[in-house]
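Input: a single structure, listed below in structure tokens.
To find a chain, count down the sequence lines: A is the first, B the second, and so on, and within it residues start at 1. Every value quoted in this text rests on a predicted model; they were computed, and no experiment measured them.
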Amino acid sequence: MGEVTLGHYIGLSVVLFFIGALGVLSRKNALIVLMSIELMLNAANLAFAAFARRWGQVDGHVVVIFVIAIAAVEAAIGLAILVGIFRNRQTVDLDDMTALNE
Amino acid sequence: MKVPSPRLRWYERIYLWEIARGMVVTMRHMIRNLFRQREMPTVQWPEEPKHLPVRIKGRHRLTVREDGSPKCVACYMCATACPARCIHIEAEESPEPTIEKVPKAFDIDMLRCVFCGYCVEACPEDAIRMDTGEVSIVSDNRDDFIFHMDFLLRGSGEEWKKKRGRPEPVEEDEDLSSPPDTPEETRDGYRRRERPPVPSSW
Amino acid sequence: MPTFLAHAGTVVLVWILSLSLVPVMVWFERKGSAYMQDRTGPNRAAVLGIRMGGLIHTIADVLKLIFKEDVTPPQVNRFYYTLAPFLSMMIALLTFIVIPIADDLEVGGHLLHWQGLKIDAGLIWIFAVTTIGTLAMILAGWGSNNRYALLGGMRSSAQMISYELALGLSVIGVLLVYGTLDLNEMVRQQGELVGGFLPKWGVVVQPLAALLFMTAAVAETNRTPFDLPEGESEIIGYHVEYSSLKFALFFMAEYVNVVVSAALTVTLFFGGWQIPWLPTPVLEANATSVLLVTCAGVLLLSLALAMASVRWSHRLKQLYTDARRREGDFWTVVLLLQAALAVLVAIVVLANPLEGLSSQIFARVAQFGAFLGKVTFFAFLFIWIRWTLPRFRYDQLMNLGWKSLLPLALLNIAVTAVVLRWLGR
Amino acid sequence: MDAVLFWILAGLSVVGGLVVITGRNPLASALALGLVLIAIAGLFAMLSAHLLFILQLLVYAGAIIVLIVFVIMLLDLDDRRLGEMKIRWGRFGVSAAICLVACVAVLRGVRGLTGLREPVHASFGTVTDVSRLLFGPYLVQFEILGLILLVGILGAVVLAKRGG
């Protein structure tokens with residue numbers, strides 16, 4: 001197994017970030033896109049926490065707390081918008097939301 | 001109809017005082033029952049006999065004539081009246097000239113019986129009664145619940161008398177509107193009996 | 001590594017504790033409710049004639065629930081349906097591990113914490129884990145694929161979320177007073193005295209918070225008067241479709257939750273493992289006399305009960321012909337043995353008084369006993385409340401949570417902050 | 001010990017992440033996301049970030065996942081609508097290729113990072129430690145964060161009300 005270094009954590013963070021990015025790019029379901037964004041935010045959080053541990057400074061933790069709070073707000077607002085859209089259009093498919101395009 | 005809700009005082013509206021009062025009530029009951037268990041109204045059946053009304057409809061019995069033969073004339077009235085169809089009668093000719101038929105078999109399926117008492121009402125000969133007072137009919141075998149004629153008749157004999165704890169009430173010209181041989185102190189419909197101690201627990 | 005082992009041991013200890021309190025809770029529930037309603041309650045099931053006042057019925061119940069057929073309705077979503085009860089039980093058990101059950105003990109240079117998870121944000125841990133508990137209810141309701149179960153699940157999760165706010169905010173006042181999130185540190189501070197004679201328990205310094213917390217805790221554990229999520233007989237709850245062991249898991253999780261709530265109430269507001277007026281150093285110094293007093297108490301109590309038991313035994317022999325007639329004799333013997341044990345311990349202690357490590361260990365055991373006693377009392381209080389109060393209607397429930405408890409909790413925070421500032425802390 | 005734990009948690013989070021983006025049913029995605037978040041909470045604990053560990057559980061695993069699950073149930077996506085939500089494998093493949101290339105590129109750069117063996121002081125990442133920064137140098141940002149949360153609450157309420 002070897003020793004776990006900073007590289008491992010950052011590598012995991014990168015992999016998770018790109019999984020999230022893949023979800024955002026390829027899925028059309030707004031719910032899953034929202035969840036993928038949460039995934040990306042978490043990947044970033046992990047990197048922050050790992051660097052904070054590496055340099056022995058908790059400033060990184062403060063940033064993570066900010067990100068968590070913002071993610072909570074984002075989820076709340078995003079889901080509220082989603083519910084609103086679903087009420088009006090009976091769909092959560094992002095490709096159908098082209099009202100401004102027509 | 002609109003029922004006006006009572007105006008609550010301030011201490012009633014914040015509930016706390018009333019909750020405390022309610023909890024005192026339940027705790028009082030609990031403590032009283034914990035230390036005076038024998039006064040609890042629960043009847044510890046079967047260790048303790050159940051106080052049944054005298055005229056409760058219990059298991060059926062078939063009444064007998066003075067010579068011991070069944071009063072039943074196999075007229076099928078009871079079987080016809082039975083809503084649960086639990087009475088099964090087979091008739092045969094009677095040896096006596098004054099009686100036309102007697103039952104060869106008289107079975108009651110107690111698993112189907114609903115204890116409605118219509119058979120007793122229907123009987124023109126006062127041959128079937130439900131005054132045994134036996135309501136707990138228990139077995140672990142289905143066959144035991146089909147009561148045959150000999151048991152239904154024997155139930156009116158010594159064994160039944162012992163169980164009943166009072167003299168056999170069968171009289172030819174008895175007044176059926178009031179329970180027979182009812183002692184004065186049980187006129188309220190309940191037999192008073194010394195209650196044995198209730199099993200207590202910790 | 002020894003510290004790790006000690007933590008693991010404590011986790012196992014508190015789990016055994018919380019799980020073994022479940023049958024006791026069920027016993028309280030059945031026998032207590034029976035006596036409150038002038039009934040006798042369960043008194044038949046017996047092992048070799050020993051009925052233990054109906055406690056054996058709980059074992060019978062457990063056996064029944066285990067061996068019952070596990071009916072899984074065909075329309076359910078099997079994965080979520082199976083996951084939910086396990087999640088619910090797991091979360092109930094996870095909550096308990098941050099609660100300290102005795103003071104720290106220093107052995108051979110290692111500081112042993114009698115707390116499964118030694119974490120300085122212990123209080124937030126409890127809220128973090130209980131929030132996930134909501135998920136178990138939603139999953140149970142949704143996975144059952146039954147609209148009544150789904151409505152029950154939604155209702156209960158809405159209730160949980162609403163009361164979690166009140167629960168969390170009511171605790172903030174306590175946080176302000178003690179200035180820490182560490183539960184063990186909080187308990188240690190509750191050993192001090194206020195005004196020279198009152199122990200500085202949470203309920204003394206934060207009475208309103210204690211009241212709010214206990215109300216919200218009853219609601220969180222879904223017990224009467226807030227038991228709409230279950231509503232056994234009238235409105236169907238989220239676990240209608242469950243049977244056998246899966247139902248038993250929900251059932252046990254509820255009781256573990258009650259124990260956890262009681263333990264948390266005790267830890268935050270009633271001094272945790274503190275024995276009033278006997279902080280740890282004093283307790284260690286006077287270990288011998290405390291133990292002797294305890295022995296004397298046990299001796300007197302056992303003798304009194306043994307006398308009652310002899311009378312009771314006489315009555316049993318008149319009443320029964322089977323093995324149950326010997327139960328009184330059994331208890332008499334057990335109580336006399338207990339009395340003898342107390343005498344023996346007292347003699348041993350008089351010969352060589354407790355000092356050093358033994359007195360420290362005795363102090364921890366005594367504190368654990370105090371904690372256990374308090375937890376049992378509060379667990380009984382929940383049951384007592386259940387059999388006293390009628391159930392709330394759903395709108396009343398929401399009104400109480402959002403319009404009464406929440407503003408009061410906020411008010412409590414503001415007042416506490418102002419007072420603390422004024423006192424100059 | 002640490003390495004085993006890391007690889008277990010890392011494996012859980014990656015598998016969970018893949019389930020999140022490939023799940024047909026949003027509920028499966030949401031639960032997988034919960035798994036990822038709990039695994040990441042575990043990683044936080046391994047990085048001795050005590051407060052973050054608990055906050056991750058409280059806010060993410062507790063609140064956000066429950067919120068998402070609630071919304072999924074409110075939306076009542078039936079089988080027909082779920083059928084329309086099939087993954088377009090063409091688009092998915094192209095995106096996956098791009099992401100894979102980018103991921104490998106970044107990972108090559110990451111490989112050189114070492115360290116993490118140095119011990120940190122005992123109170124690292126505890127509530128006291130983090131809040132000393134939070135209420136010190138970052139006080140203004142923290143207050144702004146509170147404001148954002150307030151605005152977020154109001155916004156969510158307004159959005160939810162207007163729709164009905």
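- Chain D forms more heavy-atom pairs under 4.5 Å with one residue of A:Asp59, A:Ile81, A:Val64, A:Val15 than with any other, namely A:Asp59.
- Contacts of D:Tyr60 classified as side-chain contact (heavy atoms from CB on, under 4.5 Å), with partners at least two apart in sequence or in another chain: A:Glu38, A:Leu41, A:Asn42, A:Asn45, A:Ile68, A:Ala71, D:Leu37, D:Gln56, D:Ile64.
- Here the CE-CD1 distance, from A:Met35 to D:Ile68, works out to 5.0 Å after rounding to the nearest 0.5 Å.
- Using a distance-only test at 3.5 Å, with no hydrogens or angles considered, no donor-acceptor pair links the side chain of A:Arg53 to the main chain of D:Ser48.
- Of the residues considered (D:Ala49, D:Cys99, D:Ser13), D:Cys99 shows the highest number of contacts with chain A, using heavy-atom pairs under 4.5 Å.
- If you tally non-hydrogen atom pairs under 4.5 Å between each of A:Leu82, A:Ile19, A:Ile10 and chain D, the highest count goes to A:Ile19.
- With a 4.5 angstrom heavy-atom cutoff, A:Gln57 touches chain D only via backbone atoms.
- The minimum heavy-atom distance linking A:Ala76 with D:Leu67 is given by the pair CA-CD2, 3.9 Å.
- Interface summary for chain D: among A:Leu22, A:Val73, A:Leu25, the most heavy-atom pairs under 4.5 angstrom belong to A:Leu22.
- Here the straight-line distance linking atom CG of D:Leu145 with atom CD1 of A:Ile65 works out to 9.5 Å at 0.5 Å rounding.
- Most heavy-atom pairs under 4.5 Å with chain A: of the set D:Cys103, D:Ala63, D:Ser95, D:Gly155, this distinction falls to D:Cys103.
- Nearest heavy-atom pair, A:Ala49 versus D:Leu52, reported as atom, atom and distance to 0.1 Å: CB-CD1, 4.1 Å.
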Given the rule in the side chain to side chain contact (heavy atoms under 4.5 Å, CB included) test, do A:Phe18 and D:Leu100 qualify, once you have shown the distances and angles that lead to the verdict? CA-CA 8 Å; A:Phe18 279 106; D:Leu100 201 66; over 6 Å; no

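- With a threshold of 4.5 angstrom between heavy atoms, A:Tyr9 approaches chain D through its backbone and through its side chain.
- Residue pairs meeting the ring pair (Phe, Tyr, Trp, His ring centres under 6.0 Å) criterion with at least one partner in residues 38-80 of chain A, sequence neighbours excluded, are A:His61-D:Phe124.
- When every heavy atom of D:Ile40 is checked against every heavy atom of A:Leu46, the shortest pair comes out as CG2-CD1, 4.5 Å.
- Closest heavy-atom contact between A:Ile77 and D:Gly152: CD1-O, 3.3 Å.
- The shortest heavy-atom contact between A:Leu31 and D:Ile72 is CD1-CG1, 3.8 Å.
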